There are 2 protein chains.
Amino acid sequence: MEALTINEAASTTGWSPRMLRYVEQAGLVAPERSAAGYRLYGAAELQRLRTLKELLSEFEITLSDVAFARRLASDSGLRRAVDGWLAARPARPEHVQAEDWLRFEQEKHERLLAAAGA
Amino acid sequence: MEALTINEAASTTGWSPRMLRYVEQAGLVAPERSAAGYRLYGAAELQRLRTLKELLSEFEITLSDVAFARRLASDSGLRRAVDGWLAARPARPEHVQAEDWLRFEQEKHERLLAAAGA
DNA sequence: AAAACCTTGACACGGCCGTGGTAAGGTCAC
DNA sequence: GTGACCTTACCACGGCCGTGTCAAGGTTTT
C-alpha cells in the first residue's frame with residue numbers, strides 16, 4: 001500500500017507542505033501517522049486535498065469557512081441557533097440585503113485577485 | 001409606530017453606531033430607510049440585533065461566520081458542495097481531528113479574551 | 001439659521017489568516 | 001553514519017476583520 005510522505009503529497013496535490021500541516025490543524029484533512037510520527041497520505045487524503053482545493057476556488061471561500069461549516073455540521077446546538085436566527089424575520093429590505101452582503105463577501109476575493117496580479 | 005434612529009438603536013442594543021452600519025453591510029440586519037436615507041430601526045430589528053449579539057457570544061462565533069452561514073443557507077449549490085465535501089470520507093484519524101480543529105477554532109477566542117484582559 | 005443628528009468615505013490600529021522560511025532535533029535509506 | 005527527509009516551534013509579512021474617529025456634507029428641529 002502506497003502512502004505518500006508530506007513532500008510527495010504536496011507535489012501531487014499542489015498544496016505546499018506548510019499548507020498541508022495547516023489544513024490538518026484546521027481539522028480538514030488529517031493523514032495517518034507512521035510510528036515515528038511521519039504524516040502518511042493515502043489515496044483518500046490525496047483526493048480529499050484536491051477536491052478541497054477545487055471547492056475553495058470554485059466558490060471563493062476560505063479554509064476558515066469550511067472549518068466553520070464543519071463545526072456547523074457537527075454541533076447541532078450551534079446549527080439550530082444559527083439557522084434559527086437566520087430563519088427569523090429576514091431583515092426588512094430584502095433587496096438591499098442581497099446586494100450588499102454579496103458585495104461584502106466577494107470584495108475580499110476581488111481584492112485578493114487584484115493584489116495577486118491575476 | 002416608533003422607529004429608532006441609529007444612535008438610539010445603538011444605545012438600546014449595546015452595539016455601537018459604527019458596528020450597526022457594519023452589521024448592515026454584512027447583510028445581517030438591514031433597517032428601513034427614511035426618505036432622506038436615515039436608518040430607521042423598528043422593534044423587529046432591535047430584537048434581531050440583541051439576539052445576534054447573544055448568538056455571537058454564546059457560541060464564540062464571529063459576524064463573518066454568521067454571514068457565511070447565511071450564504072450557505074441561501075446558495076444551495078454552495079451548501080451541497082460543502083456538505084458533500086464534508087460528508088465524504090471523514091478524514092482517517094477521527095480522534096485527532098475532533099481534538100485539533102476544536103482547538104483551532106477556539107484558540108482565537110481564548111486569545112481574544114486574554115487580550116481583552118477578562 | 002443654528003444646533004443636533006444623520007450619511008458616506010477615509011485613515012488608523014491591533015490581531016488573526018494564509019503563507020513562507022528557518023532552526024533544532026529525530027528518522028530513514030543506503 | 002551520513003545525507004535526505006520528517007517533526008515541531010517560532011519569526012515575518014501583507015491583507016482582512018472589527019472597531020474607533022474624523023471630515024464634509026445633507027436633514028430635522030426649534
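In this text, all values refer to a predicted model and were calculated from it rather than measured experimentally. Sequence lines set the chain letters: A, B, ... in the order given, protein chains first and strands last, and positions in each chain run from 1.
Each of A:Trp15 and A:Arg21 was assigned the nucleotide of DNA chain C with the nearest heavy atom; the assignment lying further toward the 5' end belongs to A:Trp15. Mapping B:Pro17 and A:Ile6 onto DNA chain D by nearest heavy atom places A:Ile6 at the nucleotide closer to the 5' end.
Expressed to the nearest 0.5 Å, how far OG1 of B:Thr51 lies from CH2 of A:Trp85 amounts to 6.5 Å.
The nucleotide whose nearest atom lies closest to any side-chain atom of A:Ser64 is, among C:dC5, D:dG18, C:dG18, C:dG18. Checked against D:dC5, C:dT19, D:dT7, the side chain of A:Thr5 finds its nearest nucleotide in D:dC5. For B:Arg39, counting side-chain heavy atoms from C-beta on, the closest listed nucleotide (C:dT7, D:dG18, D:dT8) is C:dT7.
Applying the side-chain hydrogen bond (donor to acceptor under 3.5 Å, both in side chains) criterion to B:Arg50, with sequence neighbours excluded, gives B:Gln47. The side chain to side chain contact (heavy atoms under 4.5 Å, CB included) search around A:Ser16 returns A:Arg18, A:Met19, not counting sequence neighbours. B:Glu8 meets the side chain to side chain contact (heavy atoms under 4.5 Å, CB included) test with B:Leu4, B:Thr5; sequence neighbours excluded.
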task = Just do the side-chain contact (heavy atoms from CB on, under 4.5 Å) check on A:Thr12 and A:Tyr41 with the steps written out, would you?
result = CA-CA 11 Å; A:Thr12 42; A:Tyr41 292 87; over 6 Å; no

Steps toward side-chain contact (heavy atoms from CB on, under 4.5 Å) verdict (A:Arg39, A:Arg21) = CA-CA 9 Å; A:Arg39 270 165 263 252; A:Arg21 299 198 182 93; 3.5 Å; yes

request  = Evaluate the side-chain contact (heavy atoms from CB on, under 4.5 Å) criterion for residues A:Arg70 and A:Leu28: first the C-alpha distance (whole Å), next the side-chain angles of each, then the deciding distance (0.1 Å), finally the verdict.
outcome  = CA-CA 8 Å; A:Arg70 179 186 166 67; A:Leu28 298 180; 4.2 Å; yes

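Side-chain heavy atoms closer than 4.5 Å link hydrophobic residues (I, L, V, M, F, W, Y) into clusters, and following such links, even through other members, never connects B:Tyr22 to B:Leu40. By the rule that hydrophobic residues join a cluster once side-chain heavy atoms approach within less than 4.5 Å of another member, A:Val29 and A:Leu56 end up as members of one cluster.
Atom-to-atom, CD of B:Glu32 to P of C:dT7 comes out at 14 Å; the value is rounded to the nearest Å. We find that CG of B:Leu20 is positioned 14 Å from C1' of D:dG18, with the value rounded to whole Å. Separating the CD atom of B:Gln25 from the C1' atom of D:dC17 is a distance of 11 Å, rounded to the nearest angstrom. Counting to the nearest Å, the C1' atom of D:dC17 and the CG atom of A:Asp65 are 13 Å from each other. Nucleotide D:dA4 holds its P atom 16 Å from the CD atom of A:Glu8, rounded to whole Å. To the nearest angstrom, C1' of D:dT19 lies 17 Å from CD of B:Glu24. At whole-Å resolution of the value, CZ in A:Arg33 and C1' in C:dT27 are 14 Å apart. Following rounding to the nearest Å, B:Leu56 (CG) and D:dT19 (P) show an atom-to-atom distance of 9 Å.
The pair B:Arg71-A:Glu60 fails the salt-bridge criterion, with no side-chain N (NZ, NE, NH1 or NH2) lying under 4.0 Å from an Asp/Glu carboxylate O.
Remark: A:Ser16 is in phosphate contact with C:dG20, judged by side-chain N or O atoms under 4.0 Å from OP1 or OP2.
In this structure, the side chain of A:Trp15 engages the main chain of A:Leu49 through a donor-acceptor pair within 3.5 Å. A:Arg80 places no side-chain N or O within 3.5 Å of a backbone atom of A:Asp75 that could act as its donor or acceptor partner.
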Give me the distances for all protein-to-nucleotides 10-13 of chain D N/O pairs that come in under 3.5 Å?
none

Give me the distances for all protein-to-nucleotides 22-25 of chain D N/O pairs that come in under 3.5 Å?
none

Listed pairs, N/O of protein and of nucleotides 26-30 of chain D, under 3.5 Å:
{"residue": "D:dG26", "atom": "N2", "partner": "B:Tyr38", "partner atom": "OH", "Å": "2.7"}
{"residue": "D:dT27", "atom": "O4'", "partner": "B:Tyr38", "partner atom": "OH", "Å": "3.2"}

